[in-house]
Protein chains: 2
Amino acid sequence: MTSEKLTTAPRKPASRRYDEGCAATHAMDIIGQRWALPVMRELMLGPRRFGDLKNSINGISANLLTQRLGSLEAGGVLRRATLPPPASVPVYELTRWGHAALPLFDAMGQWGARSPGHDHRRPLSATALLLTLRSMIDGAAAAPLEGTIRLTLDGEDFSWTKDGEDIRLARGTPDRWRVSIAGAPDVLAGWLFGEGEEAMLAAADQLSVEGDLDFAMRFADCFGAASSDF
Amino acid sequence: MTSEKLTTAPRKPASRRYDEGCAATHAMDIIGQRWALPVMRELMLGPRRFGDLKNSINGISANLLTQRLGSLEAGGVLRRATLPPPASVPVYELTRWGHAALPLFDAMGQWGARSPGHDHRRPLSATALLLTLRSMIDGAAAAPLEGTIRLTLDGEDFSWTKDGEDIRLARGTPDRWRVSIAGAPDVLAGWLFGEGEEAMLAAADQLSVEGDLDFAMRFADCFGAASSDF
DNA sequence: CTGCATCCGCAGGGATACTG
DNA sequence: CAGTATCCCTGCGGATGCAG
């Protein structure tokens with residue numbers, strides 16, 4: 001007889017993905033993998049190095065980052081590349097389709113920011129803050145906020161440019177800006193989203209703002225109202 | 001002395017969520033839970049019963065469905081309710097914030113449908129097909145497709161109404177329609193997305209179409225082009 | 001019919017240490 | 001700096017049984 005195993009019937013592989021014809025769940029099969037979303041987020045503003053990714057994604061370990069970069073490359077979201085000389089360092093960059101996920105970050109940001117359980121005061125990376133701001137401002141009464149803001153977050157420069165309905169984000173220092181704001185991402189978030197005068201003033205103390213201060217204030221007003229909605 | 005365990009240092013709970021200030025990752029903390037997205041999807045067109053949810057979500061088991069319904073209720077996405085008499089049956093329905101995730105399905109659908117790895121021919125529920133179609137049609141050259149279509153999928157009636165930029169979906173039979181299409185969701189998907197004449201003809205054989213046939217053909221043409229993009 | 005509780009096997013996740 | 005190797009543990013998935 002040698003009855004193999006009565007209790008263990010032949011098991012199916014039991015993939016942890018959805019594998020449906022539904023386009024939304026298929027998207028989730030990709031971005032729903034652990035750490036996939038933060039990785040894509042950190043690449044949305046341009047190519048980055050392995051170590052920089054690891055440092056700006058809070059809590060990820062090297063082996064998991066390796067795994068995720070591998071599966072996202074296999075899925076066509078990103079690719080490995082080497083920066084042109086004299087840099088010649090290996091980086092990861094989004095493919096064209098990977099970049100097309102930007103509206104997805106907008107939609108997720110808009111929905112997530114309105115979550116009853118969302119606490120905007122938790123730490124977040126520079127890219128995370130920029131994309132969150134981008135998602136929260138669109139459609140708001142931010143009409144008179146055309147122009148460029150220079151943001152220095154964690155010591156790195158970024159440019160925020162509102163051009164009509166469009167918000168353009170980029171790494172690097174802009175040529176011209178109406179106001180320049182420097183500080184840690186979570187401090188800036190505390191200032192923009194802070195409820196109560198004291199919280200905002202406390203945050204403002206840790207920021208350095210130069211240029212058109214009135215413009216900065218109107219910028220901040222856009223987010224104070226938007227964070228409490230539902 | 002009594003050295004407890006040298007190899008096992010005090011472990012942190014190691015939550016599998018992101019828990020950041022970033023709004024997008026916070027959204028993922030909710031919809032990224034296993035089966036959360038299909039559950040929300042099946043509720044987007046109105047309240048449903050436990051058993052119906054279980055039947056239309058392929059591969060989920062009762063205990064997991066219970067778990068997910070519980071965590072989504074705790075998260076404010078959905079609530080338990082009882083249908084008014086004489087039905088008086090327990091159902092699950094989305095909260096206002098839960099319904100606000102509809103644009104998220106649009107964004108995910110648009111991105112997922114363009115995935116190089118997406119196979120639209122896999123089985124999918126009626127709701128999944130309707131939301132996938134909704135996400136794929138918007139912005140397309142579907143201007144002359146105003147009006148209502150009656151869709152009978154898996155024996156249940158739905159209405160698809162295009163009103164300007166807006167696509168409205170609902171369960172139930174519409175009062176008036178330009179064309180009525182009946183069949184299984186994956187067969188209809190095969191007809192709409194099918195590449196090659198034969199595939200479309202084979203699918204068409206298994207569908208029953210009544211009313212304005214020309215309208216139905218123009219409707220189908222919207223999706224054949226959209227599915228191959230990147 | 002509508003769920004909830006429990007047991008078990010397994011794959012993926014997380015921390016740490018290590019190699020090129 | 002850029003990953004790989006190892007080990008442990010949790011959560012998922014499936015089956016089953018039970019209560020209202």
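Chain letters run A, B, ... following the sequence lines, proteins first, then strands; residues in each count from 1. Only this structure's heavy atoms are used, side chains among them; waters, hydrogens and symmetry mates stay out. No experiment lies behind these values; they were computed from the predicted model shown.
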### Task
Using whole Å, report how far CG of Leu65(B) lies from C1' of dC12(D).
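Between C1' of dC12(D) and CG of Leu65(B): 15 Å.
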### Message
Without decimals, in angstroms, what is the distance between Tyr92(A) OH and dC1(D) C1'?
### Response
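So the two atoms are 12 Å apart, to the nearest Å.
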### Message
Tell me every residue that passes side chain to side chain donor-acceptor pair (under 3.5 Å) with Asp154(B), counting only those two or more places apart in sequence or in another chain.
### Response
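Listed in chain order: nothing, the list is empty.
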### Task
Under the side chain to side chain donor-acceptor pair (under 3.5 Å) rule, collect the residues that match up with Arg121(A), sequence neighbours excluded.
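In terms of side chain to side chain donor-acceptor pair (under 3.5 Å), with neighbours along the sequence ignored, Arg121(A) is linked to Asp119(A).
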### Sidechain-backbone polar pair: Arg34(A) side chain, Arg17(B) backbone, donor-acceptor under 3.5 Å
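Yes, because the side chain of Arg34(A) sits within donor-acceptor range (under 3.5 Å) of the backbone of Arg17(B).
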Side chain of [X], heavy atoms from C-beta onward: which of [options] has the nearest atom to it?
{"X": "Asn63(A)", "options": "dG11(D), dG3(D), dA5(D)", "value": "dA5(D)"}
{"X": "Leu64(B)", "options": "dG3(D), dG13(D), dG11(D)", "value": "dG13(D)"}
{"X": "Arg16(B)", "options": "dT2(C), dT4(D), dG11(D)", "value": "dG11(D)"}

### Task
Quick one: which residue pairs count as a salt bridge (Lys or Arg N to Asp or Glu O under 4.0 Å) with a foot in residues 45-69 of chain A, not counting sequence neighbours?
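Matches after skipping sequence neighbours: Glu42(A)-Arg48(A).
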### Query
Should Gln67(A) be listed as having a side-chain N or O under 4.0 Å from OP1 or OP2 of dG13(C)?
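Looking at the OP1 and OP2 atoms of dG13(C), one of them is under 4.0 Å from a side-chain N or O of Gln67(A).
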### Message
Does dG3(D) have its OP1 or OP2 closer than 4.0 Å to a side-chain nitrogen or oxygen of Arg80(A)?
### Response
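Answer is yes, contact under 4.0 Å.
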### Task
Output all residues satisfying salt bridge (charged side-chain N to carboxylate O under 4.0 Å, His left out) with Arg41(A), sequence neighbours left out; order by chain, then residue number.
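Scan of Arg41(A) (salt bridge (charged side-chain N to carboxylate O under 4.0 Å, His left out), adjacent residues dropped) gives Glu20(B).
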### Task
For DNA chain D, determine which residues of residues 23-61 of chain B have any heavy atom closer than 4.0 angstrom to one of its atoms, and list them numerically.
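By residue number: Arg34(B), Trp35(B), Gly59(B).
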#### Entry: Nearest-nucleotide 5' precedence on DNA chain D, Ala62(B) against Ala62(A)
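Upstream on the strand: Ala62(A).
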Show me, pair by pair, the donor-acceptor contacts under 3.5 angstrom made by side chains of residues 77-85 of chain A, not counting sequence neighbours?
unit_1   : atom_1 : unit_2   : atom_2 : d
Arg79(A) : NH1    : Glu93(A) : OE2    : 2.8

